[in-house]
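Counting convention: from 1, in listed order, for ligands and their atoms alike. None of these values were measured; they are calculated from a predicted model.
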Amino acid sequence: MKILVTGGLGYIGAHTVVELQAAGYEVIIVDNLSNTRIAVLDKIEQISGIRPQYSNFDLADRNACFDFFKNTKNIEGIIHFAAYKAVGESVQKPIMYYHNNIGSLINIMENMELHNIPNLVFSSSCTVYGQPDELPVTEQAPRKPAMSPYGNTKQIAEDIIRDTIYSSKLKSIALRYFNPVGAHETALIGELPLGVPNNLMPFITQTASGIRQQLSVFGEDYNTPDGTAIRDYIHVVDLAKAHVIAVKRMIEKTGKLDFEIFNLGTGNGFSVLEVIKSFEKVSEKKLNYKIVDRREGDIEKVWANTDFANMELGWKAEKSLDEMTLSSWNYQLELDKNN
Ligand code: UFG
């Protein structure tokens with residue numbers, strides 16, 4: 001069973017590759033290294049003992065994409081992670097975001113039709129809900145106007161998939177991630193963005209290890225118990241496992257609809273200060289942070305209703321916040337050892 005994983009050397013992609021290999025799938029990775037390093041391929045091999053087939057090209061490059069699919073036979077399913085994901089950058093460079101995130105999806109779906117590859121797992125995001133009216137948020141909650149071009153690419157992508165499936169034999173599962181954090185238990189793969197991190201967890205671990213001077217906590221005047229914003233943080237390995245289940249569901253045709261959407265979160269919300277406290281506890285380090293103004297575009301609070309994913313996928317996130325912060329820290333320590 002060959003599964004194509006686009007963005008398979010990225011953060012969530014690499015963890016999913018390892019879980020797919022453990023479940024017996026043959027993995028082909030396409031990644032243009034726009035936000036990761038080739039060394040991740042070696043780490044995957046170190047963990048699983050299997051070196052996946054790997055191609056480096058830009059999926060938004062139409063000719064390259066068509067050539068790849070022409071020359072790669074017997075793909076059973078595609079997990080499409082490859083996309084840009086920095087909210088702030090997308091506001092500055094919208095065309096780059098639309099070109100990459102939408103262009104690559106269109107190229108992939110055209111080739112799925114052309115080569116009869118029926119199954120697509122798509123990386124969507126809880127960003128499509130904006131600030132939900134009701135919490136925890138279910139898959140039925142209305143999507144809100146996107147706060148950024150990045151968020152808009154996720155909404156548009158879901159629409160493109162829905163429309164295409166309606167008139168073709170393709171099937172898809174869109175997985176709406178909440179906030180993925182943590183790292184593999186081996187500490188060989190984890191979140192290592194190029195440059196200054198945008199997201200909370202890598203900023204915390206890099207501050208603790210001295211790479212960044214200070215963490216800014218964006219806002220303490222939210223309508224939450226401690227005033228800082230609340231998110232549903234989910235361990236990346238739990239998230240990766242859900243992808244394996246989603247692929248299997250499509251291959252074995254046990255899904256109920258041709259297009260299904262699932263929330264992937266834990267169902268628990270934690271504030272920024274709670275995450276910091278957990279980190280300080282597990283790392284036994286005091287974190288240098290200061291409260292600053294809110295970050296533009298941030299929502300106040302969101303956490304998932306995971307009933308549908310729990311019931312339909314038979315999947316449940318298992319790892320606690322402390323396990324998330326500890327594994328992130330262990331990964332940072334491993335990186336520091338090698339630098
Ligand atoms: N935060 C800080 N300081 C930082 C970074 C983040 O206080 O240096 C706070 C944010 O204000 C927010 C929380 O930590 O309250 C989480 O922020 P992240 O940037 O880690 O994550 P976001 O919730 O902003 O964004 C994530 C993904 C997006 C996705 C979005 C959906 O990164 O891709 O969830 O809500 F679109």
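For Glu334 and Lys337, the salt-bridge test passes: some basic side-chain N is under 4.0 Å from an acidic carboxylate O. Between Asp159 and Arg143 there is a salt bridge, since at least one side-chain N of the basic residue sits less than 4.0 Å from a carboxylate O of the acidic one. Asp238 and Lys316 are not joined by a salt bridge, as no carboxylate oxygen comes within less than 4.0 angstrom of a charged side-chain nitrogen.
Counting protein heavy atoms only, atom 12 (C) of ligand 1 is closest to Arg231 NH2, 3.8 Å. Atom 36 (F) of ligand 1 has Tyr150 CE2, 2.9 Å as its closest protein atom, hydrogens excluded (heavy atom only). The protein atom (non-hydrogen) at minimum distance from atom 24 (O) of ligand 1 is Arg295 NH2, 2.9 Å. Looking only at heavy atoms of the protein, atom 11 (O) of ligand 1 is closest to Asp298 OD2, 2.5 Å. Of the protein's heavy atoms, Asn179 ND2, 3.6 Å lies nearest to atom 26 (C) of ligand 1. Looking from atom 18 (P) of ligand 1 to the surrounding protein, the closest heavy atom is Asn199 ND2, 3.4 Å.
With ligand atoms numbered from 1 in the order given, ligand 1 contributes 13 (C), 14 (O), 16 (C) to contacts under 4.0 Å with heavy atoms of Tyr233. Annotation for ligand 1: atoms under 4.0 Å from non-hydrogen atoms of Ser216 are 2 (C), 3 (N), 4 (C), 7 (O), 8 (O). Residue contact check: Asn198 has heavy atoms under 4.0 Å from atoms 5 (C), 19 (O) of ligand 1. Close approach of ligand 1 to Cys126 is summarised as follows: ligand atoms under 4.0 Å from at least one heavy atom of the residue are 31 (C), 35 (O). Of all atoms in ligand 1, listed by their number and element, those nearer than 4.0 Å to a heavy atom of Thr127 are 31 (C), 36 (F). Annotation for ligand 1: atoms under 4.0 Å from non-hydrogen atoms of Ala229 are 15 (O).
Counting all heavy atoms, side chain and backbone alike, Tyr150 lies closest to Ala86 at CB-O, 4.4 Å.
With ring centers used as reference points, Tyr84 lies under 6.0 Å from Tyr97.
With Val217, Ile299, Val272 as candidates, the residue nearest to atom 9 (C) of ligand 1 on a non-hydrogen basis is Val272. Among Phe218, Phe203, Tyr84, Phe178, the residue whose heavy atom lies nearest to atom 4 (C) of ligand 1 is Phe218.
Put simply, the residue from Tyr25, Phe81, Phe262 that forms a ring-ring contact (aromatic ring centres under 6.0 Å, His included) with His243 is Phe81.
Contacts between Leu200 and ligand 1 below 4.0 angstrom, taking non-hydrogen atoms only, involve backbone and side chain alike.
Checked against a 3.5 angstrom limit, the closest N/O atoms of Ser125 and ligand 1 fall outside it. Looking at ligand 1, you won't find any N or O of Met201 less than 3.5 Å from one of its N or O atoms.
Side-chain contact between Ser278 and Lys281: absent, with no pair of heavy atoms (C-beta onward) separated by less than 4.5 Å.
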Report task. Output, in order, the C-alpha distance, side-chain angles, deciding distance and verdict of salt bridge (Lys or Arg N to Asp or Glu O under 4.0 Å) for Lys169 and Asp258. Result -> CA-CA 9 Å; Lys169 293 200 182 98; Asp258 289 346; over 6 Å; no
Report task. Using the side-chain contact (heavy atoms from CB on, under 4.5 Å) rule, take Glu113 and Thr164 through it: C-alpha gap first, then chi angles, then the decisive distance, then the call. Result -> CA-CA 10 Å; Glu113 288 202 278; Thr164 309; 4.3 Å; yes
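A tilted orientation is assigned to the rings of His184 and His15, their planes being inclined by 30° to 60°.
Within 6.0 Å of the CD atom in Glu300, the count of heavy atoms belonging to other residues, nucleotides or ligands exceeds 12.
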